[in-house]
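Everything on this sheet refers to the single structure shown next.
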Amino acid sequence: MKIATWNVNSLKVRLPHVLDWLAANQPDALCLQELKMEDKAFPLAELQAAGYHAVYNGQKTYNGVAILSRAAPTEVLRDIPGFSDEQKRIIAATVDGVRVICGYFPNGQAVGSEKFAYKLRWLTALTEWLREEMRQHERLVLGGDFNVAPEDRDAHPDWKDEIHVSEPERAAFAALLGLGLVDTFRLFEQPERSYSWWDYRLFAFRRNFGLRIDHLLVSPALTAACRSCAVDKTPRSLERPSDHAPVVLELAL
DNA sequence: ATGACACGACTATCGTGA
């Protein structure tokens, strides 16, 4: 089973890239973030024609998440239960017996800002909900744009800003690991300076000035089944790319 | 020190992203 995550930075603009990538990679499930569209604009027909089911939780201009899958998704859930939030950042569905949770974590803007406080509140709510979700679903994958680079090696040495690498954000990421979730990328040998996002400005991709902030975490019951996890940098070189690259996890399921 | 680039929004600059 192949599960991937990709922040597409507007599904309207990126749909051709997504369709090409699906055809080339044939994932069983793909988590998408930053759709930046309302549900009524979701390109369901095009994705169905490509052989995929889709469930989505969209909003105008900002945020928006979706799960595409070969098999029909069941037990679809939108938003973190009990957490009052206008922003559409979570969708969950069960695919082939695996609970897939797709998240677009808040950016946080600047350490100490109101948006930063929201980011930490959101992370706390997510963690508490996941604790319960993991009780009900032994096989669980949490994929998405976490907007946190968990360790120093996950940020370019010249990344001077505090946001995405601050102690409170990393503590919140560690709390997810504390639930038993495993960062599958680190189960395998990886190239030096592996990142999943590069700024559009200043030739950042060419210079590999990036951050590893897109992750695929699995529950303990799935850890032994992991066969590979890698960043696919290919789409980042296309015309009008997303600033994020897909991350792909292969499971022996 | 600031901005750079991309996207969407009541098309004209601006909020937001990371």
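So you know, we letter chains A, B, ... as the sequences are listed, proteins then strands, and number each from 1.
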ask   = Between the side chain of A:Arg193 and the main-chain N/O of A:Phe209, is any donor-acceptor distance below 3.5 Å?
value = no
ask   = In terms of base orientation, is B:dA4 syn or anti, with the syn window spanning 90° either side of 0?
value = anti
Nearest-Å distance once atom P is located in both B:dT13 and B:dA4 = 16 Å
inquiry  = Under 4.0 Å from a heavy atom of chain A: give me the 5'-most and 3'-most nucleotides of DNA chain B that qualify.
reply    = B:dA4 to B:dA18
ask   = Base, sugar-phosphate alone, or nothing: which one does A:Asn63 contact when heavy atoms must sit under 4.0 Å apart?
value = nothing
ask   = Does a donor on one side chain sit under 3.5 Å from an acceptor on the other, for A:Ser219 and A:Glu138?
value = no
query = Expressed as a whole number of Å, how far does the P atom of B:dT2 sit from that of B:dG8?
reply = 28 Å
query = Reckon A:Asp161 touches a base, only the sugar-phosphate, or nothing at all at heavy-atom distances under 4.0 Å?
reply = nothing
task = Using distance alone, with no hydrogens and no angle criterion, decide if A:Asn107 and A:Lys119 have a side-chain donor and acceptor under 3.5 Å apart.
result = no
query = Contact class for A:Asp199 vs. all strands (heavy atom < 4.0 Å): base, sugar-phosphate, or nothing?
reply = nothing
Salt bridge flag under 4.0 Å for residues A:Asp183 and A:Arg212 = yes
request  = For nucleotides B:dT16 and B:dC10, find the distance between their P atoms and express it as a whole number of Å.
outcome  = 15 Å
task = Please state the P separation for the pair B:dA1 and B:dC14 - nearest whole angstrom.
result = 24 Å
query = How far apart are the closest heavy atoms of A:Tyr195 and A:His156, and which atoms are they?
reply = OH-CA, 3.1 Å
request  = In whole angstrom, give me the gap between the C1' atoms of B:dC7 and B:dT11.
outcome  = 15 Å
query = Nearest nucleotide by nearest heavy atom, which residue falls closer to the 5' end of DNA chain B, A:Leu202 or A:Lys60?
reply = A:Leu202
task = Select base, sugar-phosphate, or nothing to describe what A:Phe105 touches, counting heavy atoms under 4.0 Å on all strands.
result = nothing
query = Mind checking the P distance from B:dG17 to B:dA12? Whole angstroms is fine.
reply = 25 Å
request  = Decide, yes or no, whether a salt bridge links A:Arg121 with A:Asp85 under the criterion of side-chain N to carboxylate O below 4.0 Å.
outcome  = no
request  = Pick base, sugar-phosphate or nothing for A:Arg212, based on heavy-atom distances below 4.0 Å to the nucleic acid.
outcome  = nothing
note = For A:His53 and A:Arg70 the tightest heavy-atom approach is CD2-O, 3.2 Å
key: 5' priority, DNA chain B, between A:Glu34 and A:Arg201 [closest heavy atom]   = A:Arg201
